[in-house]
Amino acid sequence: MTSYYQQVYDLVRSIPEGKVVTYGQIAKLIDRPRYARQVGYALAALPAGHDVPWHRVVNARGEISRRAVSDYEDYQQILLEDEGVEFELNGRIDLKSYQWVPDANH
DNA sequence: ATGGAGGCGCACA
DNA sequence: CTGTGCGCCTCCA
């Protein structure tokens, strides 16, 4: 079976441009509460040539998390800004405005 | 099987 | 709002 990894990827792929979601949110959406960490793990294990917009995934505070390869932290911010996501001076995103809420359907 | 580590979250202070 | 501590579950050596 393809574990939850596939579910995470499918979900992340459905995130609309200019929007972001948190790890914990993804965990709940794939019916796996408390899997926030594993979501991060899944994204860290993304295979080459994938089509998953991992940059739209941030932590609960709306900031880009530290990761193994720090180079990608800046890259992630650039990608988001390129989609219209605004970052505050402290490097955070205003989740009220940019967090994607699947349910809302709005 | 065991221990350490990992792109986090939540409760508290 | 920020920093700290502990819990969650899986992966890897």
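Throughout, protein chains are lettered first and strands after them, A, B, ... in sequence-line order, and every chain is numbered starting at 1.
In the model, A:E83 has a side-chain atom that pairs as donor or acceptor with a side-chain atom of A:H55 under 3.5 Å.
We find that CG of A:L95 is positioned 14 Å from C1' of B:dC8, with the value rounded to whole Å. Rounded to an integer number of Å, the gap from OH of A:Y4 to C1' of B:dG6 is 11 Å. To the nearest angstrom, P of B:dC8 lies 10 Å from CG of A:L43. When rounded to the nearest whole Å, the span between CD1 of A:I93 and P of B:dG7 equals 18 Å. Rounded to an integer number of Å, the gap from A:I30 CD1 to C:dT10 C1' is 12 Å. What separates CD1 of A:I26 from P of C:dC8 is a distance of 21 Å, to the nearest Å. Following rounding to the nearest Å, A:R32 (CZ) and B:dG9 (C1') show an atom-to-atom distance of 18 Å. Note: NZ (A:K28) to P (C:dC9) measures 14 Å, nearest angstrom.
Below the 3.5 angstrom threshold, one finds a donor paired with an acceptor across the side chain of A:R37 and the base of C:dG7. Residue A:Y23 places a side-chain atom within donor-acceptor reach of the base of B:dG7, judged by atom type and a 3.5 Å distance cut-off alone. For B:dG7, the base has no donor-acceptor partner in the side chain of A:Q76 [N/O atoms by modelled type, under 3.5 angstrom].
For the segment residues 49-59 of chain A, residues with any heavy atom less than 4.0 angstrom from an atom of DNA chain B are, sorted by number, A:W54, A:V57, A:N59.
Side chain of A:A36, nearest nucleotide from C:dG7, B:dG9, B:dG7: B:dG9. Looking at the side chain of A:Y35, the nearest of the listed nucleotides C:dG3, B:dG7, C:dT10 is C:dT10. The A:T22 side chain lies nearest to B:dG9 when the options are B:dG9, C:dT10, C:dG3.
For B:dA11, the paired nucleotide is C:dT4, the pair qualifying as Watson-Crick or G-U wobble because both relevant distances are below 3.5 Å.
Rounding to the nearest 0.5 angstrom, the gap separating the OG1 atom in A:T22 from the CZ atom in A:R61 is 13.0 Å. Put simply, OH on A:Y23 and CD on A:Q38 are 12.5 Å apart, with the number rounded to the nearest 0.5 Å. We find the CZ-CD distance between A:R56 and A:E17 to be 5.5 Å, quoted to the nearest 0.5 Å. Rounded to the nearest 0.5 Å, atoms CG (A:L29) and CG (A:D10) are 12.5 Å apart.
Cluster annotation: A:Y98 and A:V57 are assigned to distinct hydrophobic clusters (Ile/Leu/Val/Met/Phe/Trp/Tyr, side-chain heavy-atom contacts under 4.5 Å, transitive).
Heavy-atom distances to DNA chain C give each of A:Y41 and A:R34 a nearest nucleotide, and the one nearer the 5′ end belongs to A:R34.
Between A:W54 and A:Y72, the ring-plane angle classifies as perpendicular under the 30° and 60° cut-offs.
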